[in-house]
Amino acid sequence: MPELPEVEVTRLGFADRIAGAEITGLTLGKPLRWPLGCEPSLLVGQKVLQVRRRGKYLLLDTSEGLLLIHLGMSGSLGFGKVLQAAGKHDHFELQTTAGSLRLHDPRRFGAVVYAASETDAVAQKLIGRLGVEPLSDAFDARAFHQALQLRQTVIKQVLLAGEVVVGVGNIYASEALFMAGIRPTVRAARLSKPRAARLHAAIREVLAQAVAKGGSTLKDFSNAQGESGYFQLEAMVYDRAGLPCRVCGAPVKTMRQGQRSTFFCVNCQKP
DNA sequence: CACGGATCCTGATGGC
DNA sequence: TGCCATCAGGATCCGT
């Protein structure tokens, strides 16, 4: 479910409300992708200072450390007063003086990990090798082109890997490549400077738009207030196999790349 | 070392 | 209360 826009919309939904609150309890459900990495009681009494985002991770800074939260494929976070008992797919809940932060994650590919600091090996293993933030000034077209020159793999896979640029998942990879007019099967190293620049701009555009519109809701995304986004209404190719391309009318094609579906238009996207 | 594939888990959907 | 195969927004680990 969550790519960068959904994670960012989630962050915006509760960051200000949880900042400054004191942690009063912590409840765990079934195991997530990784263990928490500390005794739950260690968190109690600490304050939540702020909530940041790095790629698809949320970083909850606390008085003595930080929680790294990843939503995996099916995770979502809710924040507020506890109105209902935890359901069978609620596997993490952080109780604070401002409300409770609850992770709902049916598939449990998500994770919540505690680290004493961001430079800790525990934290570095998760976020230490991530690429540049696409919406930051550090995401530079020239550097992007240069990084692509070093990759022998197809461009769609490079985007998904998150080592060059973070935050682009399966939906926005297809969407950004469509916007840039680039076939997903092009070898990254073969992209010309102008085409890399187009892709650079497309990635920023598609992600920024999705954040502005509240995130995609192709499956079950909802923000921390439980409201749905509506990016789905504007997907150009994702999940549109066989439907007419919104630009040229040719049927949208689909293929498998690395066990994931890719959608593209043979007319609008050049090899 | 860089790449491609298998893998974790549950639920929804569609064909038979 | 049908059963089975396939697919789903992620990313790590492992073999080559």
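The sequence lines fix the lettering, A, B, ..., with proteins before strands; numbering per chain opens at 1.
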Output the rounded distance in Å from CD (A:Q157) to P (B:dG5).
9 Å

Hits for ring-ring contact (aromatic ring centres under 6.0 Å, His included) against A:F139, two or more places apart or cross-chain, chain-then-number order -> A:F144, A:H200

From CD of A:Q152 over to P of B:dC3, roughly how many Å is that when rounded to an integer?
6 Å

In numerical order, the residues of residues 258-266 of chain A whose heavy atoms come under 4.0 Å of DNA chain C are A:R260, A:S261

Using whole Å, what does the distance between atom C1' of nucleotide C:dA11 and atom CG of A:L32 come to?
15 Å

When every non-hydrogen atom of A:S136 is compared with those of A:V132, the smallest separation belongs to OG-CG2, 4.2 Å

Expressed as a whole number of angstroms, how long is the span from A:E3:CD to C:dA8:C1'?
12 Å

Classify the nucleic acid contact of A:R129 as base, sugar-phosphate or nothing, counting any heavy atom under 4.0 Å across all strands shown.
nothing

Tell me, yes or no, whether the heavy-atom count around A:D16 atom CG, taken from other residues, nucleotides or ligands under 6.0 Å, exceeds 12.
no

Can you check the distance between B:dG5 and C:dC7, where both ends of the measurement are the P atom (answer in whole Å)?
15 Å

What integer distance in Å separates A:I155:CD1 from B:dC3:P?
12 Å

Tell me, please, which residues at least two apart from A:F263 pass ring-ring contact (aromatic ring centres under 6.0 Å, His included).
A:Y238

Pair A:E93-A:T27, side-chain donor/acceptor within less than 3.5 Å:
no

Within a radius of less than 6.0 Å around CZ of A:R52, do more than 12 heavy atoms belonging to other residues, nucleotides or ligands occur?
yes

Determine the interatomic distance between P on C:dC14 and the same-named atom on B:dC9; round to the nearest Å.
15 Å

Quick one: side chain to side chain donor-acceptor pair (under 3.5 Å) partners of A:D90, sequence neighbours excluded?
A:H104

The answer to which of A:G169 and A:K125 contacts DNA chain C further toward the 5' end, by nearest nucleotide, is A:G169

Does the side chain of A:R187 come under 3.5 Å of the side chain of A:T153 through a donor N or O and an acceptor N or O?
no

Would you write out the dot-bracket form of DNA chain B, 5' to 3', with Watson-Crick and G-U pairs under 3.5 Å, [ ] for crossing pairs, | for pairs to other strands and . for unpaired bases?
.|||||||.|||||||

A:R187 CZ to B:dG4 C1', straight-line distance once rounded to whole Å
11 Å

Take the protein atom CG of A:L68 and the nucleotide atom C1' of C:dG10, then report the distance between them rounded to whole Å.
16 Å

Could you check whether atom NZ of A:K270 has more than 12 heavy atoms from other residues, nucleotides or ligands sitting under 6.0 Å from it?
yes

If I take atom CD1 in residue A:I171 and atom P in nucleotide C:dG10, what distance separates them, rounded to the nearest angstrom?
8 Å

Tell me yes or no: between the side chains of A:S100 and A:Q95, is some donor less than 3.5 Å from an acceptor?
no

For nucleotides 8-14 of chain B, read 5' to 3', which letter fits each nucleotide if B means a protein heavy atom sits under 4.0 Å from the base, S means only the sugar-phosphate is that close, and - means neither?
BBBS---

Looking only at heavy atoms, the pair that brings A:V51 and A:L58 closest together is CG1-CD2, 4.4 Å

Does a side-chain N or O from A:R256 land closer than 4.0 Å to OP1 or OP2 of B:dG4, or not?
no

Under-4.0 Å salt bridge between A:K47 and A:E22
no

State whether A:H70 places a side-chain N or O below 4.0 Å from either non-bridging phosphate oxygen (OP1 or OP2) of C:dG10.
no

